[in-house]
Amino acid sequence: MPDPLGLDVLDRDECLALLATTGLGRLVYTSQALPAVQPVRFVLHGDAVLCRVPALSALFAGVFDSVVAFTADCFASCLTSGWFVTVIGRASYVRDEDLPADASPPWWVPTSHERTIRVPIESISGRRIPVTQQCANR
């Protein structure tokens, strides 16, 4: 069933399936009392999003033990098809030794100063643009 904008509303299973197809998303958090957004590489593991962030960063300070949003999307360049998914959850730090071997999130440039953040999927929503037209050659 479409939402007021005409976008298809996705159920939880559809949202999770789409999240599993990509590895790039954005963490939305608060930094110095202002909204902030940071792109992150991630993995979906069980009922949570896992990503690695620099330990001594505003990002780590802003997400640690805080309610955050995580969003991922995929759109055609002409914007006639695509989807987006948003997750809400309280972020927590996960020690490397507590991570299952198949759950290690990728990192842009590996260092010893990164930490894994877990965002449990407490709330999830998503939308898809109905495929109604083709991209025009420009």
Side-chain angles (χ1 to χ4, degrees):
M1 175 161 180
D3 71 3
L5 296 175
L7 302 176
D8 293 334
V9 177
L10 304 175
D11 66 27
R12 181 181 184 85
D13 290 338
E14 291 172 306
C15 289
L16 292 172
L18 289 169
L19 280 180
T21 68
T22 187
L24 179 65
R26 287 165 296 286
L27 273 173
V28 182
Y29 62 101
T30 302
S31 178
Q32 299 180 9
L34 295 171
V37 180
Q38 182 72 41
V40 293
R41 294 179 68 189
F42 77 97
V43 294
L44 184 63
H45 187 262
D47 218 20
V49 170
L50 301 175
C51 56
R52 294 187 64 82
V53 301
L56 303 175
S57 66
L59 174 58
F60 183 74
V63 302
F64 181 72
D65 198 33
S66 298
V67 174
V68 299
F70 172 84
T71 185
D73 56 60
C74 181
F75 291 97
S77 61
C78 60
L79 303 179
T80 58
S81 65
W83 57 266
F84 63 90
V85 171
T86 302
V87 168
I88 305 290
R90 180 172 292 278
S92 61
Y93 164 63
V94 180
R95 297 180 315 167
D96 286 343
E97 55 269 18
D98 294 335
L99 279 173
D102 65 339
S104 184
W107 179 240
W108 302 106
V109 179
T111 71
S112 61
H113 303 292
E114 61 213 25
R115 300 293 180 258
T116 299
I117 294 295
R118 179 180 186 273
V119 180
I121 300 172
E122 297 173 16
S123 171
I124 190 168
S125 62
R127 302 288 188 274
R128 182 186 341 254
I129 298 172
V131 179
T132 58
Q133 53 185 318
Q134 299 294 322
C135 292
N137 291 339
R138 294 180 190 207

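Just so we're clear, the structure is a prediction, and the values are computed from it rather than from any experiment.
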Side-chain touch I117/R52, heavy atoms, less than 4.5 angstrom
no
Do the side chains of L59 and Y29 get nearer than 4.5 Å, heavy atoms only?
yes
Could you walk me through whether R127 and D3 pass salt bridge (Lys or Arg N to Asp or Glu O under 4.0 Å), step by step?
CA-CA 8 Å; R127 302 288 188 274; D3 71 3; 3.0 Å; yes
How about T71 and V85: do any of their side-chain heavy atoms sit closer than 4.5 Å?
no
To the nearest 0.5 Å, how far apart are CG in L24 and CZ in R41?
8.5 Å
Does the side chain of V40 come within less than 4.5 Å of F70's, by heavy atoms?
yes
Any F84 side-chain heavy atom under 4.5 Å of F75 side chain:
yes
Supply the atom-to-atom distance W83 CH2 to L10 CG, rounded to the nearest 0.5 angstrom.
9.0 Å
Could you check S92 against R118 for side chain to side chain donor-acceptor pair (under 3.5 Å), going step by step and ending with a plain yes or no?
CA-CA 5 Å; S92 61; R118 179 180 186 273; 5.1 Å; no
Work out which heavy atom in C15 is nearest to a heavy atom in G126; give both atom names and the distance.
SG-N, 3.5 Å
For the CG atom of L44 and the CG atom of L50, what is their distance to the nearest 0.5 Å?
8.5 Å
With a 4.5 Å limit on heavy-atom distance, are the side chains of Q38 and V28 in contact?
no
Closest non-hydrogen atom pair between A58 and S31, with its separation
CB-OG, 4.0 Å
Between R12 and I121, does a side-chain contact (heavy atoms from CB on, under 4.5 Å) hold up when you go through it step by step?
CA-CA 10 Å; R12 181 181 184 85; I121 300 172; 3.8 Å; yes
What's the spacing between D73 CG and L19 CG if we round to 0.5 Å?
10.5 Å
Working to the nearest 0.5 angstrom, can you tell me the gap between D47 CG and I124 CD1?
8.0 Å
Answer yes or no: is there a side-chain heavy-atom contact under 4.5 Å between T22 and C74?
no
Check E14 against R128 and note the closest heavy-atom contact, atom names and distance.
OE2-NH2, 3.8 Å
If every non-hydrogen atom of R115 is compared with every non-hydrogen atom of A55, which pair is closest and at what distance?
CG-CB, 3.6 Å
So which heavy atom on L27 is nearest to which on C51, and how close?
CD1-SG, 3.6 Å
Nearest heavy-atom pair of P54 and F60: which atoms, and what distance?
O-CB, 3.3 Å
Check for me, please, whether V63 and Y93 land in the same ILVMFWY cluster - side-chain distances under 4.5 Å, paths through other members count.
yes
Walk me through whether L7 and I129 qualify under side-chain contact (heavy atoms from CB on, under 4.5 Å).
CA-CA 5 Å; L7 302 176; I129 298 172; 3.8 Å; yes
State, yes or no, whether a side-chain contact exists between V119 and V87 at a heavy-atom distance under 4.5 Å.
yes
